[in-house]
Amino acid sequence: MSQITKRILALLGLLTLPLLALSEQGRQVEANLISEVTAIEAGKPFWVALKQDIAPEWHTYWRNPGDSGAATTLNWQLPAGFTAGEIQWPVPERLPYGPLMNFGYSNTVVFPVQITPPASLPDGDYELKARGRWLVCKDICIPETAELTLTFRMGTPALAETATLFAEARARLPVDAGLTASWQDEGDYWSLLIPDMAPDTAAGNAETPAVDYFPYTEGVMDNPAPQTITLNPDGLGIRLRKGYDFTPDKSLAGIVVVREQGLTSVYHIDPVATGATASPAGSGNAMPLWQAVLFALLGGMILNLMPCVFPVLSIKVLSLVRQAGGDRRQVRLHGWVYGAGVVLSFIAIAAVLIGLRAGGAQIGWGFQLQSPVVIGLLVYLFFLIGLNLSGWFEVGNRLMSAGQSLTEQEGLKGSFFTGV
């Protein structure tokens with residue numbers, strides 16, 4: 001090993017120390033699985049919960065994270081015959097961030113989950129495992145994961161020391177009280193009406209309570225916009241501005257949080273349309289397709305006028321003209337094939353990201369740049385590139401020309417891979 005190589009490795013080792021420290025210190029959520037009981041019985045459901053202790057000024061997210069963020073998930077690995085229910089979501093906080101409004105949790109939050117064992121179980125110990133994933137944010141967002149375990153023995157269940165935590169968590173869960181609710185389209189707005197919450201005027205209790213509505217579906221309301229509350233003999237009304245993804249066929253189910261006289265009540269509602277002067281699908285704040293395409297083209301033109309891109313375009317145009325032999329028809333054909341290479345490449349990237357999100361991955365284009373580890377690795381990569389350009393070491397020509405050789409092929413194939 002040459003002296004130069006040893007120096008590079010030593011320097012990279014020193015640079016890695018702060019990255020490792022950042023990785024260790026970067027955990028902002030202390031997560032644990034807790035149980036409501038100390039033992040389990042065959043066929044008798046019991047409750048466990050994910051408990052998150054969140055660092056000061058940081059937050060995680062509700063099932064609908066709002067304008068940005070990602071919900072917490074649990075991927076269970078259970079003994080044979082055991083089943084896990086859905087995460088139960090306590091009422092969230094409204095978390096303003098600049099012009100955005102997110103929904104989530106700070107400090108400590110408990111997410112109950114019901115576990116059902118099989119009808120018959122031999123004596124012994126049973127271990128529940130879950131891989132937890134969440135996004136924790138302050139000025140930046142960091143995806144975190146944790147491997148969580150709980151061990152139970154067969155026996156007569158008794159309440160554990162965590163019973164108070166479960167009682168408090170249940171008090172924050174929405175109640176399905178069978179409330180009837182309806183909604184009406186009002187152009188750029190839509191209104192909820194809950195007749196079952198009409199004031200008791202005979203008792204003189206007509207003071208408007210503090211009310212918040214949180215939809216389960218993302219994009220159906222403009223999250224930062226004020227929610228206008230009315231209370232009259234017809235019921236409780238909430239007027240909301242439409243969100244970017246509002247359409248009349250979207251589910252508007254959610255929770256209504258009522259704070260009155262020091263008490264907080266949380267109700268599940270699933271409103272149905274009534275008396276609607278319905279706008280067509282995609283109206284309101286949703287951007288029309290032609291407008292989205294126009295902005296995309298405008299953004300592409302601005303990008304190509306940047307100093308790091310514009311000079312390259314002339315080189316590419318001259319390359320296409322050279323391959324087409326100056327024939328105008330061939331130049332156009334090569335241009336279309338070159339464009340197809342560009343567009344298909346981005347379609348492939350989009351397909352991969354959509355596939356990962358459909359599989360439950362919390363990922364998006366640019367999402368990785370919120371990870372300190374990824375940013376640290378990119379710093380090292382560009383440091384190595386700088387050493388390479390300075391002549392400290394060289395990478396083999398075969399590796400360097402792996403893509404270039406495809407672009408140098410004759411005919412339309414060369415133009416296509418130049419676009420790629």
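Since the structure is predicted, the reported quantities are computational estimates derived from the model, not experimental observations.
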| query | Step by step, would you call Thr274 with Gln184 a side chain to side chain donor-acceptor pair (under 3.5 Å)? | reply | CA-CA 6 Å; Thr274 182; Gln184 183 168 349; over 6 Å; no

| If you measure from the Lys or Arg side-chain nitrogens to the Asp or Glu carboxylate oxygens, is any gap between Lys250 and Asp245 under 4.0 Å? | yes

| Electrostatic pair Arg133-Glu144, nearest N-O below 4.0 angstrom | no

| Whether over 12 other heavy atoms sit under 6.0 Å from Tyr267 OH | no

| query | Are Asp188 and Lys242 within salt-bridge range, i.e. N to O under 4.0 Å? | reply | no

Identify each donor-acceptor pair in which a side-chain atom of residues 170-180 lies under 3.5 Å from a protein atom, sequence neighbours left out, and give them as a table.
{"unit_1": "Arg170", "atom_1": "NH1", "unit_2": "Glu36", "atom_2": "OE2", "d": "2.8"}
{"unit_1": "Arg170", "atom_1": "NH2", "unit_2": "Glu36", "atom_2": "OE1", "d": "2.8"}
{"unit_1": "Arg170", "atom_1": "NH2", "unit_2": "Glu36", "atom_2": "OE2", "d": "3.4"}
{"unit_1": "Arg172", "atom_1": "NH2", "unit_2": "Val91", "atom_2": "O", "d": "3.1"}
{"unit_1": "Asp176", "atom_1": "OD1", "unit_2": "Gly178", "atom_2": "N", "d": "3.4"}
{"unit_1": "Thr180", "atom_1": "OG1", "unit_2": "Asp196", "atom_2": "OD2", "d": "3.3"}

| Under a 4.5 Å cut-off applied to non-hydrogen side-chain atoms, are Thr151 and Tyr126 in contact? | no

| query | Looking only at atom types and distance, does a side-chain atom of Gln77 sit under 3.5 Å from a main-chain N or O of Asn75, one as donor and one as acceptor? | reply | no

| query | Does the ring centre of Phe111 sit less than 6.0 Å away from the ring centre of Trp89? | reply | yes

| task | Measure the spacing between CG of Leu74 and CH2 of Trp134 and express it to the nearest 0.5 Å. | result | 8.0 Å

| task | Check the side chains of Arg239 and Tyr189 for a donor-acceptor pair under 3.5 angstrom, ignoring hydrogens and angles. | result | no

| request: Please step through side chain to side chain donor-acceptor pair (under 3.5 Å) for the pair Asp67 and Asn223, ending with a clear verdict. | output: CA-CA 7 Å; Asp67 288 326; Asn223 299 322; 2.9 Å; yes

| message | For a side chain to side chain donor-acceptor pair (under 3.5 Å) check, start with the C-alpha distance between Gln52 and Thr60, then their side-chain angles and the critical distance, and finish with the verdict. | response | CA-CA 9 Å; Gln52 291 181 341; Thr60 59; 2.9 Å; yes

| field | Thr38 side, atom OG1; Glu161 side, atom CD - distance, nearest 0.5 Å | value | 10.0 Å

| So does Lys129 pair up with Glu147, basic N to acidic O under 4.0 Å? | no

| field | Validation row, ring centre Tyr105 to ring centre Trp62 under 6.0 Å | value | no

| request: Classify the angle between the aromatic ring planes of Tyr216 and His268 as parallel (below 30°), tilted (30 to 60°) or perpendicular (above 60°). | output: parallel

| said: Please tell me whether Phe214 and Phe103 form a close aromatic pair, meaning their ring centres lie under 6.0 Å apart. | reply: yes

| request: Give a yes or no on whether the ring-centroid distance for Trp190 and Tyr213 is below 6.0 angstrom. | output: yes

